[in-house]
Every structure is written in structure tokens, then in C-alpha cells.
Number of protein chains: 2
Amino acid sequence: MTKTGNEDSIRVAVSAVTLTLRRESEEESPHIVLPLVRRTREPHLGDWALPGGWLDAQEGLEEAASRTLAETTGLAPSYLEQLYAFGAVDRSPTRTISVVYWALLPSDAVDRQIAAYRAAGHAPENVQWFEVADLPPLAFDHAQIIHYALWRLRNKVGYSRVAHGFLPPEFTLAELRDAYEAILQRRLDPANFRRQVEASGTLIPTDRFRTGSHRPARLYRYNTDVELADRGPLAPEETRTP
Amino acid sequence: MTKTGNEDSIRVAVSAVTLTLRRESEEESPHIVLPLVRRTREPHLGDWALPGGWLDAQEGLEEAASRTLAETTGLAPSYLEQLYAFGAVDRSPTRTISVVYWALLPSDAVDRQIAAYRAAGHAPENVQWFEVADLPPLAFDHAQIIHYALWRLRNKVGYSRVAHGFLPPEFTLAELRDAYEAILQRRLDPANFRRQVEASGTLIPTDRFRTGSHRPARLYRYNTDVELADRGPLAPEETRTP
DNA sequence: TCAAAAGTGTTTAAAGTACACCCATGA
DNA sequence: TCATGGGTGTACTTTAAACACTTTTGA
């Protein structure tokens, strides 16, 4: 077993792929968007990168991902899960291990958090939101990372209720279906979709209705007895005693 | 964004949960076993730990996992996948990020590799194999890690052909079923199991038969057109250009 | 009253489960 | 010849998919 290597020159960074839904107009279906940060120094100066930063010695990985995301964008996601640890030798000129997280956020929470962030005096002029289908030139291996995050999301939506991470506490079945359709990139039958989610026991009907145009739709909320996503024997917070 | 932290005092380690099947006798069904290393120094002196070591600055993560596993046990797995990056502050007295991999190996390959390892002059006296159902006192958070690896294996066996990682190139359907039963911890109907794997298109029948007792069983081999496990948009080797 | 989305019912296909039964071999 | 696992057939249950149909609202 190698006890000493050049491990002193290896640095640990964290990044986050933070996804939310944005609806351009009332008519069309929503798209998945994420915030990127324009790099202000080499390497990859001018390219766009995932929000992140260096891991601090006094904090856990998930903690660091939350902190750096909040520092650069002002966002605090409702769902955060580790994606992968990237550590290819040539992924950066300085040897860097990036532990990447992926996060989901309801669009109304994004608006509120960004407003609060600006009100607190921050002007994130190097942060911009992009549709995942139309990404700018990306720094490092971040394009690969984003595609992997989207793959995980598409995968996980099939066997857990992660899609709810995109929605506010109360929502209609059409809004939930819109989220699924944006994730899976295909249309779902409204009738069958209704029956499936009703049978899954993850939803609780409320007495309230969304009264836009046409027939009012019942509002539902999460059944908090059901986990947002199955993470197996790992606790939601990894900072628990071994 | 925090540009400088105490990142110099953070070290990166790699470990591997290496699983194989061991059949105690011809009669009973096989069990999942893994190699552990007895710690010869503090912390956790005398406890058992996953094989691993420090990440070298010149190697990728997967590369380091293979190297340290080979150095401590002489094993070279047929399947290797990243499990998780563990980084809780209190998981070790010195701040350590452990990038853990999980690996599968056919039992006949284990025997061959260990024989070759001993023939090359190595005497791994601190390495011992344990059934996953009967683990000794483990160092750090390694018990949690092993249970997570087993959960991933059980999960993945449902939608990919990872179970083949336990088997030699040619095998009978009963041997494949034994692997599934050991992983899932429940009996499977032989008739339905046969039809399911035949329909999946992952197996190619050979002209050879296993002629033990009773009626000879046809030998099958992998259809190499099908991936061993779905890893999404990530290449099998993470060391590819961004 | 009409367009459009909410919500219900029904039919068909596919996939999974249970289990009876025949086949081929070594002892 | 018989016990045993290899291998096939079939009926039944559950799940998913397709789509016709009714209900309720705003304009």
C-alpha cells in the first residue's frame, strides 16, 4: 500500500448541477434550465462553468456543495444528491478531484431566492441561466457532467418522486405531468398519468383548486411519508457518525 | 467563492468493495464474500478495513482503485464502478475523502489471481475473506460503505446484467440463477428465470454442456454486444478527454 | 354554447407469477 | 428404475398503454 504519494498537490473541489423548470410562455411546455458561471480567469477564461469552489477542511462534501452554490448564485436547493467524483488526470491543468452534486429547485423558489440575494446587495453579473438543450461553450469536463446529471434525473424519475423537486408545495396534476414530460422529453397520456401517480400513494389531494382557464384542477401536495428519492442505506445528510 | 481553504490538509484515498461468490459445499447455495485488510496501525488498529490506499497525483481515480486493490490483495476485477465519495468531517481523525469503488469477480478468477499472487512471492497475511452477512468489526465508516455497495448491487441486478460479473465466460442457467439468488436473497422460479434471461438477449447458447450429476445443462456465454451495466453517458474509463 | 382541459371508463396488449408436467442422466 | 435437476407448456394476475367518453369552467 502506497503510504505517501504526491497527494499534497491534489485539490478537492465541489460543484453543483442545479436544475429547475422555466416556462417561457403560458402556452408552451416548460424547459429545464441551470445556472452557469462565466470564468474570469484561466484556464478556460470566458467559458461557462458549474457553480462551485474548493472544499474546506472543516466541512462535509454536501455542506461544501450547498455553501459554494449559495455563495456564487444565492440558491438553496430543495433536493441535493451526489452525482459522481470526477478525477481524470487531464481534466484540469492543476490536479483536481471534483465531487459533483445535482440539485433540484422549484422555479418559484428560484425567483424568491434570487430576489433575496439581490436585495442583500449581491449582483451576480457572471451568473446566467441556460436551457440544457442549448448550452454555451463549457469549461473543463462540465458538458459531460451536465449530460450525466440529466441522464440520472431521467433515470430516477422512473422509480422515485424526484420530479416533485421541481414543484412548489401545492400543484396540479398537469403541472406534475409537465415536469415529467420536460424530464423524459416525451408526452404522457393524462388519463394514465393520473391513475399511476394516484396509485403510487405519493400524493395527497387538497380541498383547493387552481382556477385558471377552463375547468379548475385540484391541487395536490406531497405525502411526506414517502422519500423524495431512494438513496438506499445512505442517510440524506452524509455527515452522520460512522 | 472561497479560493483558498485548508485544502492542503485534505487527502484523497481510494477503496474498493470487491465482491465474489463462494460456494461452501456442492449442496448449499453460494454466498457473497469480500476481502478485508486488518489494520496494523492506529486509528482502528486491529479492525478490518476495505483494501485501498492514497490517490497518486499521476493517476486517475479508477486507476488508483485498481492499483491499490492489486497491491494489497493481488486481485484484478472484471467489473469496476464508482460507488460514492465519502467525505464527512468526522469519518477519520485526519481529514480524508474516500472515493470508493465496487467490483465484481468470478470465483475461479479469484483463485487463479491469488495463486499467481502467492507464486510471485507475496504473502498477504493481513487479508482475509468474509461473508457479507457476517462481517467483523470494521474501521471508519466501512460497514456503511459495504452495505451501500450491496444495496447498489441488488438494485442494479434488476436492470442490467451485472450478475455476470460473478461468473466465468461459460456457465449454466442454474449458476446464473444462483448468482441472482445470492444477490437478491430470495429464490427464483427456474422456469420463469430461464424465459426472462432468454428473452433479454444477453445470453448466447453454446454447444457444450455441464455434465455433473443428473441431466446435463447447456452452457451459455455473454452476448458481448450488451453492456455489463448501464453507466449512462459516462465512459467505462473515466480517463477520457473532456 | 363552445373550446379546452379535468377527470372517468373500457378495452387490449404485455409482462410477471405460479405451478403442472415431461426429459435426460448418474447412481 | 428412480431421484433430481434440466427444460417446456399453460393458466392466471398484474401492469401498462390506447383511446372513447363525460364533466366543468371561462370566454
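Not measured: the values here are computed from a predicted model. Quick note on labels: first sequence line is chain A, next is B, and so on, each numbered from 1. Every heavy atom of this structure was used, including side-chain atoms; hydrogens, water molecules and symmetry mates were not.
Each of Glu198(B) and Ser213(A) was matched to the nucleotide of DNA chain D holding its nearest heavy atom; the match closer to the 5' end belongs to Glu198(B). Nearest-nucleotide positions on DNA chain C place Ala217(A) closer to the 5' end than the other of Asn192(A) and Ala217(A).
Straight-line distance from the CZ atom of Arg187(B) to the P atom of dC19(C): 15 Å, rounded to whole Å. A straight line from CZ of Arg186(B) to C1' of dG16(C) spans 11 Å, rounded to a whole angstrom. A straight line from CG of Asp189(B) to P of dA15(C) spans 18 Å, rounded to a whole angstrom. Regarding Arg194(B), its CZ atom lies at a distance of 18 Å from the C1' atom of dG16(C), rounded to whole Å. As a whole-Å value, the separation of Arg218(A) CZ from dT8(C) C1' is 14 Å. For the pair Phe171(A) CZ and dA6(C) P, the computed distance is 14 Å after rounding to whole Å. Between Phe193(A) atom CZ and dA5(C) atom C1' the separation is 15 Å, expressed in whole Å. Rounded to a whole Å, the CZ atom of Arg195(B) is 17 Å from the P atom of dA14(C).
Distance OG/Ser200(B) to CZ/Arg161(B): 9.0 Å, rounded to 0.5 Å.
Atom CZ of Arg187(A) sits in a sparse spot, with 12 or fewer heavy atoms from other residues, nucleotides or ligands closer than 6.0 Å. Residue-environment remark: CD (Glu28(B)) exceeds the threshold of 12 foreign heavy atoms within 6.0 Å. The number of heavy atoms from other shown groups lying within 6.0 Å of CD (Glu125(B)) does not exceed 12.
Base contact: Ala191(A) has a heavy atom under 4.0 Å from a base atom. The residue Arg177(A) sits close only to the backbone: its heavy atoms come under 4.0 Å of sugar-phosphate atoms, none of a base.
Between the base of dA5(C) and the side chain of Arg215(A) there is no donor-acceptor pair shorter than 3.5 Å.
A nucleotide of DNA chain D counts as in contact with chain A when one of its atoms lies under 4.0 Å from a heavy atom; the first and last such, 5' to 3', are dA17(D) to dG26(D).
Contact check on Arg177(A) versus Glu175(A) returns no salt bridge, with no Lys/Arg side-chain nitrogen under 4.0 Å from an Asp/Glu carboxylate oxygen.
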Can you give me every donor-acceptor pair (side chain of residues 103-111 of chain A, partner residue at least two apart or in another chain, under 3.5 Å) with its distance?
{"unit_1": "Asp108(A)", "atom_1": "OD2", "unit_2": "Arg112(A)", "atom_2": "NH2", "d": "3.2"}

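Residues Arg208(A) and Arg218(A) are not in side-chain contact: their nearest non-hydrogen atoms beyond the backbone lie 4.5 Å or more apart.
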